[in-house]
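Notes to accompany the following structure.
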2 protein chains.
Amino acid sequence: MIKIEPPRLRAASDVPGGRRKQRVSMADVARLAGVSSQTVSRVANGLPGVVETTREQVLAAMSQLGYRPNSAARSLRYGRFNTIGVILFGLSSTGNSRTVEAIATHAAAEGYAITLIPVGVPTQDNVMGAFTRMGELAVDGVILIIEVHLLDATAVALPPGVHVVVVDSDAGDRYPVVDTDQADGTRQAVRHLLDLGHRTVWHVAGPAESFAAERRAGAWRQVLEQAGRPVPPLERGDWSADSGYHAGLRLAADPACTAIFAANDQMALGVLRALHESGRRVPADVSVAGFDDIADAASYLPPLTTVHQDFAEVGRRCVEALLRQIHAEPAGPGTDLVPTRLVTRASTAPPPA
Amino acid sequence: MIKIEPPRLRAASDVPGGRRKQRVSMADVARLAGVSSQTVSRVANGLPGVVETTREQVLAAMSQLGYRPNSAARSLRYGRFNTIGVILFGLSSTGNSRTVEAIATHAAAEGYAITLIPVGVPTQDNVMGAFTRMGELAVDGVILIIEVHLLDATAVALPPGVHVVVVDSDAGDRYPVVDTDQADGTRQAVRHLLDLGHRTVWHVAGPAESFAAERRAGAWRQVLEQAGRPVPPLERGDWSADSGYHAGLRLAADPACTAIFAANDQMALGVLRALHESGRRVPADVSVAGFDDIADAASYLPPLTTVHQDFAEVGRRCVEALLRQIHAEPAGPGTDLVPTRLVTRASTAPPPA
DNA sequence: GGCAGCCATGTTTACGTAAACATGGCGCTC
DNA sequence: GAGCGCCATGTTTACGTAAACATGGCTGCC
């Protein structure tokens with residue numbers, strides 16, 4: 001049973017310091033400064049029409065009382081909250097956490113706080129529930145970091161009228177999307193391996209449910225086909241190093257396999273381990289490339305050639321796109337692609353003679 | 001210049017679908033259901049005193065209009081928000097992001113949303129600014145994931161009257177603290193190495209500003225001293241694999257060094273690389289242990305012996321401790337330690353004969 | 001049968017802010 | 001010098017919710 005607070009006492013006639021400090025409102029400041037609360041409001045919001053001496057009195061009263069504006073009241077008044085909601089599947093992946101960090105940083109710089117709702121199991125119901133909660137919280141907009149095609153199972157779309165930006169998804173035809181240029185990054189990596197002289201490139205893909213994984217796999221296939229190379233059977237992992245390890249063990253057993261493109265760095269780490277344990281040297285016998293360029297990749301054995309992804313920029317553009325929607329014209333759907341760049345390290349080399 | 005919205009039109013007499021949907025309030029629902037808004041409130045909050053037929057009418061009206069409670073108004077009324085603020089230095093470290101994820105998950109389960117404010121540079125000013133912002137947002141409590149001793153430079157403490165829980169800090173004498181049992185985890189790792197027969201253990205510490213790093217280094221030193229072993233000079237990194245690599249290069253040059261305890265897994269990764277490049281085998285020549293047990297550690301070359309840290313549990317306890325404060329008696333200071341456990345893998349072995 | 005009491009429901013009010021409107025005094029203009 | 005207008009400031013109101021209080025009809029008891 002939750003204890004109900006006793007009725008609030010009017011002023012701070014309470015035992016000071018003993019009980020909870022009474023919240024200071026504009027009216028309290030106004031009383032102390034001898035002005036109306038409206039004048040306090042004007043001072044608080046930097047509006048004109050307050051003479052300098054009055055303003056100083058008000059400011060003095062504010063700091064004396066420790067006044068803080070109450071955003072609940074302000075939000076009720078304005079109908080908005082200066083808050084951006086972020087709905088995401090999980091923070092465990094490096095990419096997500098760095099994107100969220102960038103979102104939070106840029107949002108803060110624009111005066112917005114961010115509210116996070118993680119969705120453990122990304123079902124339609126759970127995502128809609130998160131949206132409902134966001135609606136209750138009166139966020140000004142929502143950034144969705146979830147594979148939106150998970151939502152396609154039913155006819156229900158995202159709530160209309162809510163400003164939304166989607167990350168890492170193919171929903172570009174329905175919502176504004178910000179995403180890393182998965183296809184171009186993949187092309188750079190695969191072409192790099194072909195240019196080194198490899199006949200073809202094997203691929204350890206991410207899970208089929210992931211659009212990023214599918215786009216990387218699709219681009220990999222396309223590059224090979226356009227170059228007239230054979231397309232080896234796909235290996236699939238779940239983004240984890242361990243899944244990369246098992247895929248790597250299978251690939252290591254195939255002597256024809258001299259170049260592997262893993263869909264992320266962690267799976268590449270597992271591939272490196274599998275190759276090592278199978279006695280195949282990297283890059284002398286087999287070349288390995290990854291995707292993401294996480295900080296650790298430069299310290300793998302050997303340091304990993306990988307596609308650098310600019311998570312911070314993705315986050316920044318999300319916030320910008322959302323604020324543009326909030327402040328002005330409703331942005332239409334479309335995809336904003338953040339470029340990638342190949343970072344060449346020691347894990348790739350020409351194939352063995 | 002921000003465009004000011006034209007005055008709101010009363011009902012949805014607006015072009016439907018064209019303009020922004022008018023927010024549905026209790027009054028709208030009440031009107032449709034033919035009851036008072038107070039009755040709607042009672043239904044919305046599951047309070048007794050509403051007859052079944054009336055309740056059904058209200059529920060029907062709610063779903064017909066798509067009513068959502070407005071948390072701004074509710075917060076204004078209640079004086080609280082059902083929101084927990086999290087102030088943190090960065091999400092980039094594995095530990096932080098997983099802790100935040102656990103916090104968000106458990107908070108959500110308790111009906112709380114979380115609001116995130118990252119503090120890029122953890123100065124006193126910035127942290128106080130974040131607290132001010134949290135105050136404005138009327139969060140019910142704050143979880144601080146920042147080395148609190150950074151705040152000790154000045155006399156200013158955290159704002160009084162705000163419920164707060166601190167993670168990963170030595171502020172246990174002033175605030176409730178939840179933390180991994182750094183000392184015990186370190187003891188397990190160092191003793192494991194000594195038990196294997198190593199004469200002593202070298203240490204690659206984290207940055208001196210970090211209390212976690214200091215506590216791990218302190219425990220390392222203590223175990224060695226209690227065992228009567230020599231205490232080798234400390235190597236310091238900044239948590240990154242790259243810094244571990246450079247420390248590792250220095251240690252690899254010392255033939256006496258047969259066992260290394262790195263303060264986190266990523267620095268251990270760098271150490272592994274340095275040893276490899278220096279031609280020293282792991283674990284045949286040198287044993288390496290880490291701290292954190294991040295997912296990748298099992299795929300390092302060789303798989304890393306490390307101290308498992310339960311970030312999810314830390315997050316859970318933070319939320320619990322904070323909610324306890326919010327709902328009931330103000331919890332005093334004190335430290336809640338989450339146990340750790342050593343995970344033995346292939347990177348540790350007896351010293352060379 | 002009359003009245004007390006209870007239950008379902010309605011009415012009033014307060015939460016803190018800020019827009020819209022009101023007021024009053026002073027200076028400037030003709 | 002009288003009136004107009006502007007500027008600083010005050011007053012009213014609305015935002016959506018829910019506690020507190022009010023009402024009115026019905027039941028049950030003596």
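Below, read A as the first sequence line, B as the second, and so on, with proteins coming before strands; counting in each chain starts at 1.
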Exercise. When you match Glu52(B) and Ala72(A) each to their closest nucleotide on DNA chain C, which lands nearer the 5' end?
Worked result: Glu52(B)
Exercise. Side-chain N or O of Thr54(B) less than 4.0 angstrom from OP1 or OP2 on dT9(C)?
Worked result: yes
Exercise. Is the backbone of Ser37(A) close enough, under 3.5 Å, to the side chain of Ser41(A) for a donor and an acceptor to pair up by distance?
Worked result: no
Exercise. Rounded to whole angstrom units, what separation is found between the CZ atom of Arg31(A) and the P atom of dT11(D)?
Worked result: 13 Å
Problem set entry | Closest heavy-atom pair and its distance - Phe131(B), Arg68(A) | O-NH1, 4.3 Å
Seminar exercise, completed: Heavy-atom nearest nucleotide on DNA chain D taken for Arg55(A) and for Ser71(B); more 5' hit belongs to Arg55(A)
Exercise. What integer distance in Å separates Leu47(A):CG from dT17(C):C1'?
Worked result: 12 Å
Exercise. Quick one: Arg68(B) CZ to dT17(D) P, roughly how many Å, whole number?
Worked result: 13 Å
Exercise. Can you tell which of dG16(D), dA8(C), dG10(D) lies closest to the side chain of Leu76(B)?
Worked result: dG16(D)
For this session: Figure out the CE/C1' separation between Met62(A) and dG16(C), and round it to whole Å.
Result: 13 Å
For this session: Report yes if a side-chain nitrogen or oxygen of Thr39(B) is closer than 4.0 Å to either non-bridging phosphate oxygen (OP1 or OP2) of dG10(C); otherwise report no.
Result: yes
Problem set entry | Sidechain-backbone polar pair: Asp140(B) side chain, Thr83(B) backbone, donor-acceptor under 3.5 Å | yes
Exercise. Reckon Arg74(B) has a side-chain N or O less than 4.0 Å from the OP1 or OP2 of dA18(D)?
Worked result: yes
Exercise. Once you round it to whole Å, what is the distance between P of dA18(C) and CG of Asn82(A)?
Worked result: 11 Å
Exercise. Asn70(A) has a side chain; which of dA18(D), dT17(C), dT17(D) sits nearest to it?
Worked result: dT17(C)
Seminar exercise, completed: Here the distance between atom C1' of dT13(C) and atom CZ of Arg77(B), to the nearest Å, is 8 Å
For this session: Could you please name the option among dT17(C), dA8(D), dA18(D) that lies closest to any side-chain atom of Val51(A)?
Result: dA8(D)
Exercise. Picking from dT17(D), dA20(C), dG10(C), which would you name as closest to the side chain of Val35(B)?
Worked result: dG10(C)
Problem set entry | Of the listed nucleotides dA20(C), dT17(C), dT9(D), the one nearest the side chain of Val50(A) | dT9(D)
Exercise. Distance-only, no hydrogens or angles: does the Asn45(B) side chain make a donor-acceptor pair with backbone N or O of Leu47(B) under 3.5 Å?
Worked result: no
Seminar exercise, completed: Of the candidates dA19(C), dA18(D), dA8(C), the side chain of Asn45(B) sits closest to dA18(D)
For this session: Specify the separation, in whole Å, of atom CE of Met26(A) and atom C1' of dA18(C).
Result: 7 Å
Exercise. Expressed in angstrom and rounded to an integer, what is the separation of Gln57(B) atom CD from dG10(C) atom C1'?
Worked result: 15 Å
For this session: Look only at the side chain of Arg133(B) and the backbone of Gly111(A), and say whether a donor-acceptor pair between them is shorter than 3.5 Å.
Result: yes
Problem set entry | Pair Arg316(A) + Glu313(A): basic N to acidic O under 4.0 Å | yes
Exercise. Among dG16(D), dA18(C), dA19(D), which nucleotide sits nearest the side chain of Tyr78(A)?
Worked result: dA18(C)
Seminar exercise, completed: Which of dT9(D), dG16(C), dT17(D) is nearest the side chain of Arg42(A)? It is dT9(D)
Problem set entry | Closest to the Ser25(B) side chain, choosing from dT17(D), dG10(D), dG10(C) | dT17(D)
Seminar exercise, completed: On DNA chain C, more 5' by nearest nucleotide between Tyr67(A) and Thr53(B) is Thr53(B)
